[in-house]
*Asks:* 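Please read through the structure below; I'll follow up with questions.
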Number of protein chains: 2
Amino acid sequence: MLSFTEENYLKALVELTVFEAESEEVGVNRLAHCLDVKPATVSDMVRKLKDKELVHYEKYGKISLTSEGRFKGMMVIRRHRLWETFLSSKLDFSWDEVHEIAEELEHVHSEKLINRLDEFLDFPEFDPHGDAIPNKLGEILLPSRKTLAEVEVGKSCRIIAVRDQVEVLQYMDRIELCINQEVTIAHREEFDGLTTITHGNQSSVVSPKLTENIFVVCSVCSKAKCTCDV
Amino acid sequence: MLSFTEENYLKALVELTVFEAESEEVGVNRLAHCLDVKPATVSDMVRKLKDKELVHYEKYGKISLTSEGRFKGMMVIRRHRLWETFLSSKLDFSWDEVHEIAEELEHVHSEKLINRLDEFLDFPEFDPHGDAIPNKLGEILLPSRKTLAEVEVGKSCRIIAVRDQVEVLQYMDRIELCINQEVTIAHREEFDGLTTITHGNQSSVVSPKLTENIFVVCSVCSKAKCTCDV
DNA sequence: TATAAAAGTTAGATTAGTCTAACAATTTTT
DNA sequence: AAAAATTGTTAGACTAATCTAACTTTTATA
Ligand SMILES: [Mn+2]
Ligand SMILES: [Mn+2]
Ligand SMILES: [Mn+2]
Ligand SMILES: [Mn+2]
């Protein structure tokens, strides 16, 4: 059985090498920063994960997941996102509250529990932040998506996901932006990226700090399967 | 924030000094046995819990809970029993499966979560094994109850709770005994305590190993409030 | 290509929780 | 009340996860 710590390393590795997907491998410093520990700590731990055949790694080299490591990490993310969905849809938590609680729930190991929960929730495809939920085989839909910061002036798009950070989520609530909403880029200031968007009957001026954390697809694509460029 | 380990010590102390209630205090050996660790380990840990003002304790003396320790321990039990109820009533787990999973879920700390869960379950009074669920103030109903082994021959009683142990629960399923069921003591062998009971249309011969783990009240009393002797 | 910068490793320390083995205090029995 | 049994404590060791500080390797740059 993996410890909390080991599970968190695998989860971070999936996020860095599968979701962010600049590359399938990652350095010690990057992983350390992501887990908020020192590189020395990661150096040690990665050796342990290698002994357990959860990562590929050679001294001074890059870290990547084995297929077992990837599966185990994906299961942590599956649990995290299913619990977030449960908290949101059954216990009426708001989307900015669920992450913190799911950080604990994701480490409850019972496989039967998570599959029953999945069924109880009617096999949801996405969590409250629009992130796809891996299935019990560890497979996940990775829709091609852009950030709102990348959409050209004049174009329209639909929000399909948001980075799961309390400040982002609360800010979006405040200006009444939400998932599935149609947004049009009315104007973008070259100087600082300040963007004027229209959504619903409103118009807001937002900074890249927000737009870089909002993921969109072009308006005409279906939420689940969009593969076009916005 | 308390660690898993500290929470398990407090939970065990509540079980020994509140529920079993031979006495409000307990020795190092007894607690060690209950937690499946060595007395040396408990000696150390109890000093730590004393520093945190969770227990009363003097070297070579007995251990007892402070009111803060009692409250914190009671909250662990509240979480345990609410999750067991959730697993049983919402996710269709059988009563012998829920304990193991609740041992992990009970350490998820969010107070808001547990109060929302309580509401979602419609404020249940008892868990699937008939044990009362402490309220958010740490108060709990401790109904006077006997074990089935103590009921006299010829008398009838109703099962209100069962010790939460997989083997006991599975055995009861097998002979079709369950909570709220009416049972009559038809005969008891002096020699070895083997007891013949009638329940429903059946009759079974059961040993003290079973009857000592089944809690009952007299038939006419209400489940929740019985204070009479069977 | 030599040097500087960045990235990564190692050694040694710390904390939590556990153990065994030896010892000490308390309680029970004779 | 002395001896025996039980109960509890301490010392020393171990593992997991972390840190800092010093050192080494790799990469980038002048
Ligand atoms: Mn999250
Ligand atoms: Mn999420
Ligand atoms: Mn239980
Ligand atoms: Mn129970």
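Everything numeric in this text was worked out from a predicted model, so none of it was measured. Throughout, protein chains are lettered first and strands after them, A, B, ... in sequence-line order, and every chain is numbered starting at 1. The basis for the numbers below is simple: all heavy atoms, side chains too, and nothing from hydrogens, waters or symmetry mates.
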*Asks:* Both B:Tyr60 and A:Val37 contact DNA chain D. Which one's nearest nucleotide lies toward the 5' end?
*Replies:*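 Its nearest nucleotide lies further toward 5', so the answer is B:Tyr60.
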*Asks:* If the cut-off is 4.0 Å, is A:Tyr9 near the phosphate of D:dT18, judged by side-chain N/O to OP1 or OP2?
*Replies:*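 Answer is yes, contact under 4.0 Å.
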*Asks:* Report the distance from atom CE of B:Met45 to atom C1' of D:dT10, rounded to the nearest whole Å.
*Replies:*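 Those two atoms, CE and C1', are 17 Å apart.
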*Asks:* Given that A:Ser3 and A:Ala40 both sit by DNA chain D, which one's nearest nucleotide is further toward the 5' end?
*Replies:*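 Per heavy-atom nearest nucleotide, the more 5' residue is A:Ser3.
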*Asks:* If only side-chain N and O atoms of A:Lys59 are considered, is one of them under 4.0 Å from the OP1 or OP2 phosphate oxygen of C:dT10?
*Replies:*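 For C:dT10, OP1 or OP2 has a side-chain N or O of A:Lys59 closer than 4.0 Å.
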*Asks:* Write down the distance between CG (A:Leu49) and P (D:dA16), rounded to a whole number of angstrom.
*Replies:*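 Computing the A:Leu49:CG to D:dA16:P distance gives 12 Å.
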*Asks:* Nearest whole Å is fine: how far is D:dT26 C1' from A:Arg30 CZ?
*Replies:*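 Rounding to the nearest Å, CZ of A:Arg30 and C1' of D:dT26 are 19 Å apart.
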*Asks:* Expressed as a whole number of angstroms, how long is the span from A:Lys38:NZ to C:dG12:C1'?
*Replies:*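 So the NZ-C1' distance, A:Lys38 to C:dG12, works out to 18 Å.
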*Asks:* Just to verify, what does A:His33 make a side-chain contact (heavy atoms from CB on, under 4.5 Å) with, not counting sequence neighbours?
*Replies:*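 Counting only residues at least two positions away or on another chain, A:His33 forms no side-chain contact (heavy atoms from CB on, under 4.5 Å).
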*Asks:* Can you check the A:Asp36 CG to D:dC19 C1' distance for me, whole Å?
*Replies:*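 Whole-Å distance recorded here is 13 Å.
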*Asks:* Output the rounded distance in Å from CE (A:Met1) to P (D:dA16).
*Replies:*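 Atom-to-atom, A:Met1 to D:dA16, this comes out as 16 Å.
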*Asks:* Expressed in angstrom and rounded to an integer, what is the separation of B:Glu6 atom CD from C:dA16 atom P?
*Replies:*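 Between P of C:dA16 and CD of B:Glu6: 9 Å.
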*Asks:* Would you indicate what A:Thr5 reaches in the nucleic acid, counting non-hydrogen atoms under 4.0 angstrom: base, sugar-phosphate, or nothing?
*Replies:*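 Sugar-phosphate contact only.
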*Asks:* Could you tell me whether the side chain of B:Lys11 reaches within less than 4.5 Å of the side chain of B:Glu103, counting heavy atoms only?
*Replies:*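 The answer is yes, as the side chains (C-beta and beyond) meet within the 4.5 Å cut-off.
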*Asks:* Can a cation-pi geometry be assigned to A:Lys90 and A:Phe120, taking NZ or CZ under 6.0 Å from the six-membered ring centre and within 45° of the ring axis?
*Replies:*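 Satisfied, under 6.0 Å and within 45°.
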*Asks:* Ignoring the backbone of A:Asp44, work out which of D:dG8, D:dT18, D:dT10 is nearest its side chain.
*Replies:*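 The answer is D:dT18, which lies nearest to the side chain.
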*Asks:* Go through the structure and list residues passing ring-ring contact (aromatic ring centres under 6.0 Å, His included) with A:His129, not counting sequence neighbours.
*Replies:*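 Not a single residue meets the ring-ring contact (aromatic ring centres under 6.0 Å, His included) criterion with A:His129.
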*Asks:* Atom NZ in B:Lys38, atom CG in B:Asp44: separation rounded to 0.5 Å?
*Replies:*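 Those atoms lie 15.0 Å apart.
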*Asks:* Using whole Å, what does the distance between atom C1' of nucleotide D:dT26 and atom CG of A:Asn29 come to?
*Replies:*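 Going from CG in A:Asn29 over to C1' in D:dT26 covers 12 Å.
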*Asks:* Tell me whether the side-chain N/O atoms of B:Ser43 come closer than 4.0 Å to OP1 or OP2 in D:dG8.
*Replies:*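 So the side chain of B:Ser43 is outside the cut-off, no N or O lying under 4.0 Å from OP1 or OP2 of D:dG8.
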